[in-house]
Trainee: 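Here it is: the structure, laid out below.
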There are 2 protein chains.
Amino acid sequence: MNHTTRTLNRSKQRDAIFNYIITHKTHPTADDIYNDIRKDFPNISLGTVYRNLTLLTELGSIKKLSYGDAAEHFDGDITPHNHFICNTCGSITDLQMENIDFVDEAASRNFDGKIAGHNIYFYGTCPSCLQNIHPEH
Amino acid sequence: MNHTTRTLNRSKQRDAIFNYIITHKTHPTADDIYNDIRKDFPNISLGTVYRNLTLLTELGSIKKLSYGDAAEHFDGDITPHNHFICNTCGSITDLQMENIDFVDEAASRNFDGKIAGHNIYFYGTCPSCLQNIHPEH
DNA sequence: AGTAAAATCAATAATAGTTATTATTATATA
DNA sequence: TATATAATAATAACTATTATTGATTTTACT
C-alpha cells in the first residue's frame with residue numbers, strides 16, 4: 001500500500017470552523033471563532049481551533065490577515081479583494097473597488113526579484129465612526 | 001504654571017533608539033534594536049525600547065510595519081514608499097517604484113468612510129533567493 | 001466487519017511578543 | 001540648585017500562539 005500520499009481525515013470540528021469563517025464576514029480571530037463555536041462544541045479546545053486554522057490556511061481554503069492588530073484575523077473569502085481598517089473603532093471590512101492588480105507590474109519594473117502578489121490595507125475612518133464625529137443633528 | 005501641556009524630556013536612550021532606526025535600513029524589530037543597542041547601553045531594558053518605539057511612532061518620527069511576521073518592525077524612513085517581503089527568507093526591503101497613492105482615490109470611490117492612506121506589502125521571492133533557486137552555473 | 005495506521009481530539013505546558021507596575025534616576029526649568 | 005515631572009531599569013503580568021501528550025476516532029484496506 002502507498003504511504004507516501006497523505007490523506008486528510010475530515011472532522012466535524014474542522015468543518016464547523018470552516019463553515020463559521022465562510023458564513024461570517026467579520027474577519028474573526030482564532031479567539032472569536034473559539035468563543036462562538038464553543039456553543040456547539042463545548043469541549044473544543046483553542047489548540048484545535050489554531051491547528052485547523054493553520055491547516056485551512058495552508059490548504060488555501062481561507063486567508064490569514066495580518067495588520068496592526070495584535071491578533072491574526074481570518075477571511076473565508078479567498079477571491080482577490082481589499083480591506084479597510086478603521087483607525088477609530090478597529091473594525092475591518094471588505095472594500096469594493098476596481099481591480100488594482102496592475103500595481104504588481106509597477107512594482108516589478110525596477111525589481112530583480114519575483115513579485116507574486118500584494119496585500120493592501122487601507123485605513124482611515126469608517127462610515128459609522130465618521131457619523132459619530134460629525135453627526136447630522 | 002501650566003500643567004495641561006505635557007513636556008517631553010529627552011533621554012540618551014531614546015536618542016540612541018531613534019538614531020539606530022534612522023541609520024539602519026533593516027526594518028528592525030524591538031528585539032533587534034534592544035540587542036544591538038545593549039552594546040552601548042548595557043543596562044537598557046527591553047521595556048524602555050518598547051516604550052520609546054511606541055512614543056516615536058505616536059510622534060510620527062518612525063513608522064511601524066505590520067505584516068505576517070509575528071513581531072512588529074520599525075522604519076525610520078517616513079517618506080511614502082512600499083515594501084517587499086520575501087516568502088522564502090522572510091527579509092523585508094524597500095521597493096523603488098512609481099507613486100501609486102492614487103489607489104486611495106480608487107478606494108474612496110464606492111466607500112462612505114474617509115480613506116486616510118494605505119499600507120501595501122508586496123510579496124514573492126527576493127533577488128537573492130531567486131538566485132539560489134535557479135543559480136547561473 | 002476487522003484491523004492497523006494515521007489523524008484526530010482535549011488538555012495543558014511552553015514560548016514569544018508586548019505591556020504594566022514600581023521604585024529609582026535623570027531632565028528641564030524656575 | 002531645588003523642585004516637579006518624565007524617563008529609566010527591573011521585573012511581573014498578560015496575550016496570542018505553538019508544542020506536547022496521551023487517549024480516542026477515522027480511514028484505507030483487507
Side-chain angles (χ1 to χ4, degrees), chain A residues 1-21 27-59 61-74 90 92, chain B residues 1-21 27-59 61-74 90 92:
Chain A
M1 64 188 82
N2 183 3
H3 286 277
T4 58
T5 55
R6 163 191 166 147
T7 58
L8 184 66
N9 289 358
R10 217 167 154 191
S11 78
K12 293 189 206 315
Q13 287 87 343
R14 180 159 60 247
D15 283 352
I17 290 166
F18 178 62
N19 190 57
Y20 182 90
I21 296 173
H27 311 88
T29 64
D31 208 58
D32 293 335
I33 297 164
Y34 172 62
N35 282 311
D36 267 14
I37 229 165
R38 287 172 81 179
K39 293 162 191 162
D40 293 323
F41 294 84
N43 294 331
I44 200 170
S45 89
L46 189 53
T48 297
V49 175
Y50 273 107
R51 184 166 22 75
N52 282 300
L53 287 173
T54 302
L55 181 57
L56 288 167
T57 302
E58 283 170 3
L59 292 172
S61 305
I62 64 175
K63 283 201 78 174
K64 184 154 77 166
L65 305 177
S66 299
Y67 52 93
D69 197 1
E72 309 279 4
H73 294 245
F74 294 88
I92 174 168
Chain B
M1 70 183 78
N2 181 4
H3 288 276
T4 58
T5 53
R6 161 188 168 152
T7 58
L8 186 66
N9 285 1
R10 214 165 155 191
S11 77
K12 293 190 206 314
Q13 288 88 340
R14 180 159 62 245
D15 283 352
I17 290 165
F18 179 62
N19 190 58
Y20 182 90
I21 296 173
H27 310 88
T29 64
D31 208 59
D32 293 335
I33 297 164
Y34 173 62
N35 283 310
D36 267 15
I37 231 166
R38 286 173 81 178
K39 292 161 190 161
D40 294 324
F41 294 82
N43 293 331
I44 200 170
S45 91
L46 188 53
T48 297
V49 175
Y50 272 106
R51 182 165 23 76
N52 282 301
L53 287 173
T54 302
L55 181 56
L56 289 167
T57 303
E58 283 168 3
L59 292 172
S61 305
I62 63 175
K63 282 201 77 174
K64 183 152 80 165
L65 305 176
S66 299
Y67 52 93
D69 197 0
E72 309 280 3
H73 293 246
F74 295 87
I92 174 168

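Here is how names work: the chains are called A, B, and so on, in the same order as the sequence lines, proteins then strands, and each is numbered from 1. Heavy atoms only: backbone and side chains are in, while hydrogens, waters and symmetry mates are out.
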Trainee: Measuring from Leu53(A):CG to Ser61(A):OG, what's the distance to the nearest 0.5 Å?
Mentor: 11.5 Å

Trainee: For the pair Arg51(A) and Thr54(A), evaluate side-chain hydrogen bond (donor to acceptor under 3.5 Å, both in side chains) and give the outcome as yes or no after the intermediate values.
Mentor: CA-CA 5 Å; Arg51(A) 184 166 22 75; Thr54(A) 302; over 6 Å; no

Trainee: Just to confirm, is there a sub-4.0 Å distance from OP1 or OP2 of dA7(D) to any side-chain nitrogen or oxygen of Arg14(B)?
Mentor: yes

Trainee: Which part of the nucleic acid does Asn52(A) contact within heavy-atom distance under 4.0 Å: base, sugar-phosphate only, or nothing?
Mentor: sugar-phosphate

Trainee: Round to a whole Å and report the spacing from CG of Asn43(A) to P of dC9(C).
Mentor: 12 Å

Trainee: What one-letter contact string describes nucleotides 14-24 of chain D from 5' to 3', where B marks a base within less than 4.0 Å of any protein heavy atom, S marks contact via sugar-phosphate atoms alone, and - marks no contact?
Mentor: --SBB------

Trainee: Of all the choices, dA10(C), dA9(D), dA7(D), which nucleotide is nearest to the side chain of Leu55(B) once you look at every atom?
Mentor: dA7(D)

Trainee: Please determine, for the side chain of Ser11(B), which listed nucleotide (dT8(D), dA6(D), dA10(C)) has the closest atom?
Mentor: dT8(D)

Trainee: Side chain of Lys12(B) only, heavy atoms from C-beta on: which candidate in dC9(C), dT27(C), dT8(D) is closest?
Mentor: dT27(C)

Trainee: Without swapping roles, check the side chain of His73(A) against the backbone of Leu65(A) for a donor-acceptor pair under 3.5 Å.
Mentor: no

Trainee: Is the backbone of Thr29(A) close enough, under 3.5 Å, to the side chain of Asp32(A) for a donor and an acceptor to pair up by distance?
Mentor: yes

Trainee: Look at the side-chain N and O atoms of Gln13(A) and state whether any lies under 4.0 Å from the OP1 or OP2 oxygen of dC9(C).
Mentor: yes

Trainee: Short question: side chain of Asn19(A), backbone of Asp15(A) - any donor-acceptor pair under 3.5 Å?
Mentor: no

Trainee: Would you kindly compare Ile44(B) and Asn9(B) by the position of their nearest DNA chain D nucleotide and give the one closer to the 5′ end?
Mentor: Asn9(B)

